There are 2 protein chains.
Amino acid sequence: MDQETKELRKAGLKVTHPRMRILQIFEEAEERHLTAEDIYKRLLSHQEDIGLATVYRVLTQFEAAGIVMKHNFEGGQAVYELDRGKHHDHMIDVDSGKVIEFMSEEIERLQHEIADRHGYVIEDHSLVLYVRPKKKR
Amino acid sequence: MDQETKELRKAGLKVTHPRMRILQIFEEAEERHLTAEDIYKRLLSHQEDIGLATVYRVLTQFEAAGIVMKHNFEGGQAVYELDRGKHHDHMIDVDSGKVIEFMSEEIERLQHEIADRHGYVIEDHSLVLYVRPKKKR
DNA sequence: TTACGTGCAAAACTTTTGCATGGAC
DNA sequence: GTCCATGCAAAAGTTTTGCACGTAA
C-alpha cells in the first residue's frame with residue numbers, strides 16, 4: 001500500500017481519485033506552497049476532470065486532518081502546504097514571491113513568554129516577514 | 001483648523017465629508033481595529049449617506065498615505081487601525097475576538113537577524129498570536 | 001473652472017453550498 | 001447497499017470598478 005493511501009486511511013478519509021491526485025500534486029511540486037487555484041490548474045493540465053469546488057473541499061478536509069496547513073498571506077488567495085510536522089515561520093521575497101521557511105526557538109520562547117505575561121496561552125500563531133534581497137556593494 | 005483637516009491636508013487629500021467622518025469614526029471607536037463593514041454600519045447608524053465603496057476607497061487611500069494600517073487576520077475581512085506611528089504586533093483572543101497589542105524589541109531584533117542571515121532586509125512583517133485565556137487554578 | 005471625489009450598481013474574485021449522480025467500502 | 005464524495009452551477013462574501021454626477025480648491 002503506497003504512502004498516499006496510508007496517509008488518507010490514517011486520516012479516516014476514503015481513498016478517492018481527487019484526494020490521491022491532490023496529495024501527489026503537493027509531492028511533485030517544486031514550491032511547497034500552493035493555492036487552490038494552482039492545484040486546480042495543475043490538475044487541468046494533466047487532463048484531470050476534478051472541479052475547483054472539490055479542490056477546496058479536499059483541502060479543507062486535509063487541513064482538519066492535519067495533512068496540510070493553510071496560510072493567509074497577503075494577496076487574497078490562501079496558500080496550502082503539506083504539514084511535515086516541524087513548525088516553521090515564513091519569509092516572503094516581495095520581489096520574486098519566493099517563500100523561505102525559517103524557525104527560531106528564541107522567537108517561539110519569547111512569544112510564549114509574552115502571551116503568558118498577558119494571561120493567555122498561545123493556540124496558534126502566524127509570523128511572516130516580507131523581505132527584499134539585500135543590496136550588494 | 002482641526003486635527004482631522006490637518007491630517008488630510010498633510011496627506012495631500014482633499015478635505016471631504018466622507019474622509020472626515022471616517023477619521024472621526026476611528027477616533028470615537030472603543031476598539032482600535034475596524035473592518036470596512038464596521039465603519040459603514042456606524043456611518044449608517046449616524047444617518048450618513050456614504051457608500052460602502054467609498055469606505056473602501058478612502059481606507060485604501062488612507063493606507064497609502066500612512067494614516068491607517070491594514071491587517072489581514074484570519075476570517076476574510078481585513079481590519080484597519082489608525083497608524084499612531086509606534087509599531088506593535090497583535091494577540092487575538094480567539095474566544096472573545098478581542099485584540100491586544102504588544103511589542104517586543106527582542107523579537108524585532110531577532111527578525112532582522114534572521115532576515116539578514118538569509119541575505120534579505122525586512123520590508124514589513126506580520127506577527128499575530130491567536131490565544132486563549134489561561135485556565136485559573 | 002477643473003480635477004478629483006462620490007454614490008450606485010454591476011463586476012470581479014475567492015470560497016462555499018445545494019443537489020443529483022457516482023463511487024468506495 | 002449504504003454513505004460519503006464529486007461535478008456542476010449557483011450562491012455567498014468581500015472588495016473593486018465604471019460611470020454619471022457633485023464638489024473642494
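Just so it is clear, the values below take in all heavy atoms, side chains as well, and ignore hydrogens, waters and symmetry mates. What you are looking at is a predicted structure, and each value in this text was computed from that prediction instead of being measured.
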- Query: What is the distance from CD of B/Gln61 to C1' of D/dT15, rounded to the nearest Å?
  - Reply: 15 Å

- Could you tell me whether A/Glu63 and A/Lys70 make a salt bridge, using a distance below 4.0 angstrom between a side-chain N and a carboxylate O? no

- Message: Ignoring hydrogens, what is the shortest heavy-atom contact between B/Lys98 and A/Tyr120? Give both atom names and the distance.
- Response: NZ-OH, 4.4 Å

- Query: Choosing from C/dT15, C/dG5, C/dA24, which nucleotide comes nearest the side chain of A/Gln77?
  - Reply: C/dT15

- Query: Are A/His87 and A/His125 close enough that a side-chain donor and a side-chain acceptor fall under 3.5 Å?
  - Reply: yes

- Query: In whole angstroms, how far is the P atom of D/dT16 from the CD atom of B/Glu63?
  - Reply: 10 Å

- Task: For the pair B/Arg132 (side chain) and A/Glu123 (backbone), establish whether a donor and an acceptor sit closer than 3.5 Å, ignoring hydrogens and angles.
- Result: no

- Query: With under 30° as parallel and over 60° as perpendicular, where do the rings of A/His71 and A/Phe73 fit, or are they tilted in between?
  - Reply: parallel

- Message: What is the separation between atom CG on B/Leu43 and atom P on C/dC8, rounded to the nearest whole Å?
- Response: 13 Å

- Query: Side-chain N or O of B/Arg9 less than 4.0 angstrom from OP1 or OP2 on D/dA25?
  - Reply: yes

- Checking all strands, does B/Ala78 fall into the base, sugar-phosphate, or nothing category for heavy-atom contacts under 4.0 angstrom? sugar-phosphate

- Charged N to carboxylate O under 4.0 angstrom, B/Glu105 versus B/Arg109? no

- Nearest-Å distance for atom pair CD1/P, residues B/Ile50 and C/dC8: 11 Å

- Note on the structure: Atom OH of B/Tyr40 and atom P of D/dT15 are separated, to the nearest Å, by 14 Å

- Nearest-Å distance for atom pair CE/C1', residues B/Met20 and D/dA24: 13 Å

With 3.5 Å as the limit, what N/O pairs link the protein to nucleotides 16-22 of chain C?
unit_1	atom_1	unit_2	atom_2	d
C/dG18	O6	A/Arg57	NH1	3.2

- In whole angstrom, give the distance that lies between atom CD of B/Glu37 and atom C1' of D/dT15. 11 Å

- Out of A/Glu27, A/Glu37, A/Glu31, which one pairs with A/Arg42 under the salt bridge (Lys or Arg N to Asp or Glu O under 4.0 Å) rule? A/Glu31

- Message: Side chain of B/Leu13 only, heavy atoms from C-beta on: which candidate in D/dT14, D/dA25, C/dG5 is closest?
- Response: C/dG5

- Rounded off to whole Å, could you give me the CG-to-C1' distance for the A/Asn72 and C/dT14 pair? 12 Å

- Counting side-chain heavy atoms from CB outward, which of C/dA3, D/dC8, D/dT6 is closest to B/Lys14? C/dA3

- Query: Of all the choices, C/dC25, D/dG7, C/dG5, which nucleotide is nearest to the side chain of A/Pro18 once you look at every atom?
  - Reply: D/dG7

